[in-house]
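Working notes, structure below.
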Protein chains: 2
Amino acid sequence: MNNNIRALRTARGLSQEALGSALNVSRQTINAIEAGRYDPSLPLAFKLARFFALHIEDVFDDGEETLGS
Amino acid sequence: MNNNIRALRTARGLSQEALGSALNVSRQTINAIEAGRYDPSLPLAFKLARFFALHIEDVFDDGEETLGS
DNA sequence: TCCTTATGTAAAGCACGCTTTACATTTCTA
DNA sequence: TAGAAATGTAAAGCGTGCTTTACATAAGGA
């Protein structure tokens with residue numbers, strides 16, 4: 001599962017720590033997700049997408065064919 | 001985390017077993033998710049939403065304020 | 001250069017997602 | 001009303017999501 005989190009975060013000038021704090025997760029969790037070491041839980045995926053005002057499918061990509069919009 | 005899976009599934013005349021098979025998960029996994037006993041992993045949430053041709057946010061609801069569309 | 005901030009990563013530990021096996025109950029249908 | 005299909009649920013076991021603690025490295029500002 002790939003994701004855009006690093007790009008979205010840095011575009012907003014946020015550190016991993018700041019993003020983690022905003023979402024109530026540790027900076028290591030943000031780092032691991034950005035690095036692709038593991039996928040977030042569904043609740044955390046919701047928080048991340050909502051934080052960036054995007055759909056989950058616009059933040060994460062599971063590599064399968066996507067919907068028309 | 002609430003979800004519409006039971007309604008979406010039965011609207012299509014599928015058993016839990018049939019849906020599980022289509023997504024390569026066990027019927028117990030479908031049952032547990034429908035019953036709200038646990039949330040699916042993010043990859044399984046992608047599969048479920050894609051199966052029903054919906055966005056993840058249209059299948060699952062984490063109870064927080066949602067986006068404009 | 002020194003200090004601070006940011007990042008990368010590792011280990012131990014706990015909680016949960018998903019499996020298989022198994023059994024009970026409900027519901028449909030012949 | 002009997003049998004089959006569907007559903008509900010439980011337990012054991014494995015992998016992983018996330019935590020805290022800890023240490024190392026990189027980069028920027030005074």
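- Partners of A:Ser15 by side chain to side chain donor-acceptor pair (under 3.5 Å), not counting sequence neighbours: none found.
- Near-neighbour residues of DNA chain D inside residues 36-45 of chain A, defined by a heavy atom below 4.0 Å, number-ordered: A:Tyr38, A:Asp39, A:Pro40, A:Ser41, A:Leu44.
- B:Ala45 approaches A:Leu42 most closely through the heavy-atom pair CB-CD1, 3.8 Å.
- Of all heavy-atom pairs between B:Val59 and B:Ala49, the closest is CG2-CA, 4.1 Å.
- Not counting sequence neighbours, B:Asp39 has no partner by the salt bridge (Lys or Arg N to Asp or Glu O under 4.0 Å) test.
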Report task. Show your working on side-chain contact (heavy atoms from CB on, under 4.5 Å) between B:Phe60 and A:Ile56 and close with a plain yes or no. Result -> CA-CA 11 Å; B:Phe60 297 92; A:Ile56 289 177; over 6 Å; no
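- The bend of the helix from C:dT1-D:dA30 to C:dA30-D:dT1, defined by the angle between the axes of its first five and last five pairs, stands at 40° to the nearest 10°.
- Contact record, A:Ala7 with A:Thr10: O-OG1, 3.3 Å, taken as the closest heavy-atom pair.
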Requested in this report: Evaluate the criterion side-chain contact (heavy atoms from CB on, under 4.5 Å) for residue pair A:Phe52 and A:Leu19; output intermediate values, then yes/no.
Outcome: CA-CA 11 Å; A:Phe52 293 118; A:Leu19 179 56; 4.1 Å; yes
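- Applying the side-chain contact (heavy atoms from CB on, under 4.5 Å) test to A:Thr29 and every residue at least two apart in sequence or in another chain returns A:Val25, A:Ser26, A:Ile33, A:Tyr38, A:Leu44.
- Contacts between residues 25-32 of chain A and DNA chain D, defined by a heavy-atom separation under 4.0 Å, are made by A:Val25, A:Ser26, A:Arg27, A:Gln28, A:Thr29.
- Within residues 2-18 of chain B, the residues approached by DNA chain D to less than 4.0 Å at the level of any non-hydrogen atom are B:Arg6, B:Arg9, B:Ser15, B:Gln16, in residue-number order.
- The CD-C1' distance, from A:Glu34 to C:dT9, rounds to 14 Å in whole Å.
- Remark: B:Ser21 pairs with B:Glu17 by the side chain to side chain donor-acceptor pair (under 3.5 Å) rule, at least two apart or across chains.
- Remark: A:Asn4 engages A:Leu8 in a side-chain contact (heavy atoms from CB on, under 4.5 Å) (not counting sequence neighbours).
- Counting to the nearest Å, the C1' atom of C:dG17 and the CE atom of B:Met1 are 13 Å from each other.
- Listed by first then second residue, pairs satisfying salt bridge (charged side-chain N to carboxylate O under 4.0 Å, His left out) with a partner in residues 18-35 of chain B read B:Arg6-B:Glu34, B:Arg9-B:Glu34, not counting sequence neighbours.
- Between A:Lys47 atom NZ and A:Asn24 atom CG the span is 5.0 Å, to the nearest 0.5 Å.
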